[in-house]
Amino acid sequence: QVARCLKAMDDPASAESFLGKALGWSAMVPGVDHKVDLLCELAEVTMNLAELLPSPSPERHAALDRCRDHAREATVLAAQTTDPHWEVKVLLRISDVFGRCGDHDEARHLQDRALTLLGLAVWVPLAGTRGLWGVVVGAAVGGGFILVTIIVVLATAWTGTVHWAA
């Protein structure tokens with residue numbers, strides 16, 4: 001709670017320190033839900049800290065690296081949480097952090113994963129097997145669009161600059 005107060009008072013460095021200690025203590029609690037929540041908080045606080053630091057600095061780069069590490073660990077552990085609805089919230093929360101870091105591909109991947117889980121939670125109980133197939137086809141189409149976007153961006157990245165005549 002102290003770390004959340006420090007976060008609210010715009011002291012992300014102290015909040016990060018307290019959350020790091022709490023993360024160590026979370027190993028004594030069974031389950032991963034507490035750890036995932038702390039990792040989400042740590043990622044957000046570290047991102048806040050990085051945004052306060054001057055742009056081309058080693059401190060900012062180190063804070064962004066710590067932020068990404070916390071976010072990736074939370075993403076891996078999210079699948080082990082006890083509530084699938086909370087997993088969706090965690091994925092969207094971490095997606096926001098990746099978006100703020102500039103890692104838009106990772107953010108979109110997490111959003112796609114969250115939408116797939118949400119689709120499974122809604123459509124499988126309502127429509128059974130047909131609902132499952134609808135979610136699988138929807139995820140494949142969404143993933144296909146993301147894949148095509150990545151391929152087009154990579155293919156056009158080496159074409160050089162285009163100068164338009166005025």
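Side-chain atoms are counted along with the backbone in the values below, which use heavy atoms only and exclude waters and symmetry mates. Since we're looking at a predicted model, the values are computed, not measured.
Note on Val90: it clusters hydrophobically with Leu42, by side-chain heavy-atom contacts below 4.5 Å among ILVMFWY residues. No chain of hydrophobic side-chain contacts below 4.5 Å, direct or via other Ile, Leu, Val, Met, Phe, Trp or Tyr residues, connects Leu53 to Leu19. Placement of Leu38 and Val76 in two distinct hydrophobic clusters is found when ILVMFWY residues are connected by side-chain heavy-atom separations under 4.5 Å, directly or transitively. Criterion: ILVMFWY side-chain heavy atoms under 4.5 Å apart, direct or through other members. Under it, Leu52 and Val45 are not part of a common hydrophobic cluster. Hydrophobic clustering, with ILVMFWY side chains joined whenever heavy atoms are under 4.5 angstrom apart, groups Val88 together with Ile94.
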Exercise for the section: Step by step, work out the side-chain contact (heavy atoms from CB on, under 4.5 Å) result for Arg68 and Thr46. Expected result: CA-CA 9 Å; Arg68 288 181 182 108; Thr46 310; over 6 Å; no
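Atoms CG and OG1, from Leu91 and Thr116 in turn, are 10.0 Å apart once rounded to the nearest 0.5 Å. Rounded to the nearest 0.5 Å, atoms CG (Asp65) and NE2 (His70) are 10.5 Å apart. The distance from the OG1 atom of Thr75 to the CZ atom of Arg113 is 6.5 Å, given to the nearest 0.5 Å. Taking CG from Leu110 and CG from Asp105, the interatomic distance works out to 11.0 Å, rounded to the nearest 0.5 Å.
Side-chain contact between Arg93 and Glu44 is present, with at least one heavy-atom pair separated by less than 4.5 Å. Ile151 places a side-chain heavy atom less than 4.5 Å from the side chain of Leu147. Considering only heavy atoms from C-beta on, Leu77 comes within 4.5 Å of Leu39 through its side chain. Side-chain contact between Asn48 and Arg100: present, with at least one pair of heavy atoms (C-beta onward) separated by less than 4.5 Å. You'll find the side chain of His34 stays beyond 4.5 Å of the side chain of Asp37, heavy atoms only. Side-chain contact between Asp69 and Glu73 is absent, with no heavy-atom pair separated by less than 4.5 Å. No side-chain heavy atom of Arg108 sits less than 4.5 Å from a side-chain heavy atom of Phe145. Side-chain contact check for Val36 versus Glu87: every heavy-atom pair is 4.5 Å or farther apart.
Side-chain atoms of Arg60 do not come within 3.5 Å of backbone N or O of Pro54 as any donor-acceptor pair.
Residues Phe98 and Ala71 approach most closely at CZ-CB, 3.6 Å, considering heavy atoms. The shortest heavy-atom contact between Ala114 and Leu92 is CB-CD2, 3.9 Å. Gly99 approaches Ala107 most closely through the heavy-atom pair N-CB, 3.9 Å.
Taking the charged nitrogens against the carboxylate oxygens, Lys21 and Glu16 have no contact shorter than 4.0 Å, which rules out a salt bridge.
In the model, Gln111 has a side-chain atom that pairs as donor or acceptor with a side-chain atom of Ser95 under 3.5 Å.
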